[in-house]
Amino acid sequence: MVIFVNYGILLLKITAVYIILIVALRILGKREVGELSIFDLVVLLIIADIASLGIDNDAFVLPSYLCVFVLVVLQKLLSILLLKRSFFRNLIDGSPTTIVLDGKLLIKNMKKEHYTIDDLISQMRLEHIMDMDEIKLAILETNGTLSIFRKDRFNEVKLPVIISGSIIKESITLLRYDIEDFKNEINKYNLNYKTIIYASLHRNILFYYQRNKGKGEMLKGHKLVLRELKETNSENKNSTDNTLLV
């Protein structure tokens with residue numbers, strides 16, 4: 001009889017842990033499940049490990065659940081902070097890195113991310129790409145996956161230059177524009193980049209979404225022609241480094 005009681009208590013503990021983990025994942029949101037970064041994965045592993053401690057130790061049942069609750073609250077607060085501040089988002093999750101731009105290998109970026117030619121070729125095979133000449137743009141995402149855009153589908157390269165009110169300096173440099181010149185040009189139109197949620201730049205045309213002062217749920221995109229924005233004459237330093245990673 002005692003054995004059945006012990007098994008019953010163990011079953012209740014496992015069920016409680018299962019329910020707590022389901023609730024924790026629902027609170028954290030779909031992003032935590034669908035787009036796990038290294039930081040997200042570590043937090044979820046810690047939550048699972050702490051929750052399981054209560055199964056082996058009766059004295060640690062309630063403290064383990066309390067620890068899970070605290071971790072979930074902290075992670076949720078951090079997610080809100082990351083949503084509102086791109087600086088913290090880049091600090092915690094990192095930022096995407098362009099590996100191939102307009103058919104050119106950016107070796108400096110590959111070295112910075114310790115991303116080898118073998119890694120690139122492996123991802124090409126997964127995308128059913130036989131030759132590197134087929135790639136128009138390839139971006140290494142923060143979760144380690146490689147987003148590849150093929151030449152036969154994309155004729156132009158468009159990169160985000162402003163995200164959550166922060167200027168993406170790498171994108172502006174890759175597009176061969178001067179950062180200060182870009183800032184001065186948008187200032188001429190009384191456009192505060194800190195109020196812009198997203199903006200892309202292509203051939204002096206800035207397409208952007210600006211934060212609405214009202215409480216509308218939908219934002220309309222706008223186009224702005226930066227007539228005096230000029231490309232720099234210098235070639236991108238990434239494309240001049242011929243030392244390949246092997």
Side-chain angles (χ1 to χ4, degrees), residues 31 35 37 78-110 112-113 135-143 147-149 151 153-241:
R31 176 184 177 275
E35 299 178 8
S37 66
L78 181 61
S79 298
I80 296 174
L81 181 62
L82 296 180
L83 182 65
K84 295 181 178 294
R85 294 290 183 268
S86 60
F87 170 78
F88 292 104
R89 191 159 58 243
N90 293 335
L91 183 65
I92 298 297
D93 289 338
S95 57
T97 304
T98 303
I99 300 299
V100 180
L101 177 66
D102 204 12
K104 298 179 181 178
L105 280 175
L106 304 184
I107 302 301
K108 184 177 180 180
N109 287 356
M110 294 178 69
K112 182 178 69 174
E113 299 295 337
I135 301 176
K136 184 73 175 181
L137 178 69
I139 299 176
L140 184 63
E141 305 293 352
T142 56
N143 60 2
S147 300
I148 300 178
F149 303 86
K151 288 183 179 180
R153 294 185 58 191
F154 301 93
N155 296 323
E156 301 173 342
V157 173
K158 297 181 180 180
L159 296 175
V161 292
I162 300 176
I163 297 179
S164 300
S166 297
I167 293 179
I168 311 302
K169 297 180 180 180
E170 181 185 6
S171 295
I172 295 178
T173 301
L174 290 174
L175 292 172
R176 298 179 63 188
Y177 291 108
D178 182 75
I179 296 175
E180 294 301 322
D181 188 28
F182 173 74
K183 290 181 180 179
N184 294 333
E185 185 66 17
I186 61 177
N187 285 336
K188 293 179 182 179
Y189 297 90
N190 295 320
L191 186 61
N192 184 3
Y193 68 86
K194 293 184 179 180
T195 63
I196 295 177
I197 297 176
Y198 172 86
S200 62
L201 182 63
H202 176 67
R203 294 183 179 176
N204 290 40
I205 298 178
L206 185 73
F207 182 77
Y208 65 93
Y209 291 88
Q210 192 170 20
R211 188 178 292 109
N212 195 345
K213 294 182 179 179
K215 296 183 179 180
E217 296 181 357
M218 293 187 294
L219 295 179
K220 182 181 179 181
H222 302 276
K223 286 186 179 181
L224 178 63
V225 180
L226 306 179
R227 302 185 185 279
E228 299 183 13
L229 185 63
K230 305 297 181 183
E231 290 187 3
T232 58
N233 294 325
S234 59
E235 289 290 335
N236 189 278
K237 293 181 180 180
N238 288 303
S239 60
T240 58
D241 189 345

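For reference, positions follow the sequence shown, starting with 1.
Ring pair Tyr177/Phe182: centre-to-centre distance not below 6.0 Å.
Between Phe154 and Phe149, the ring planes lie perpendicular to each other; the angle is over 60°, past the 30° to 60° tilted range.
In this structure, Leu224 CG and Lys188 NZ are separated by 11.5 Å, a value rounded to the nearest 0.5 Å. Note: Ile162 CD1 to Ile172 CD1 = 7.0 Å, rounded to the nearest 0.5 Å. Put simply, CG on Leu229 and CG on Leu175 are 9.5 Å apart, with the number rounded to the nearest 0.5 Å. Atom CG of Leu201 sits about 9.0 Å away from atom CG of Leu159, to the nearest 0.5 Å. Taken from OG1 in Thr98 to CD1 in Ile139, the straight-line distance is 4.5 Å, to the nearest 0.5 Å. Ser200 contributes atom OG, which lies 10.5 Å from atom CD1 of Ile163 (distance to the nearest 0.5 angstrom).
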Between Glu156 and His202, does a side chain to side chain donor-acceptor pair (under 3.5 Å) hold up when you go through it step by step? CA-CA 8 Å; Glu156 301 173 342; His202 176 67; 3.3 Å; yes

Criterion side-chain contact (heavy atoms from CB on, under 4.5 Å) on Leu174 and Val157, from CA distance to verdict: CA-CA 10 Å; Leu174 290 174; Val157 173; over 6 Å; no

Start with the C-alpha distance between Thr97 and Leu106, add both sets of side-chain angles, then the distance that settles side-chain contact (heavy atoms from CB on, under 4.5 Å), and finish with yes or no. CA-CA 10 Å; Thr97 304; Leu106 304 184; over 6 Å; no

Test side-chain contact (heavy atoms from CB on, under 4.5 Å) on Val161 and Leu206; report intermediate values, then the result. CA-CA 9 Å; Val161 292; Leu206 185 73; 3.9 Å; yes

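A 4.5 Å side-chain heavy-atom check between Leu101 and Leu137 finds at least one atom pair inside the cut-off.
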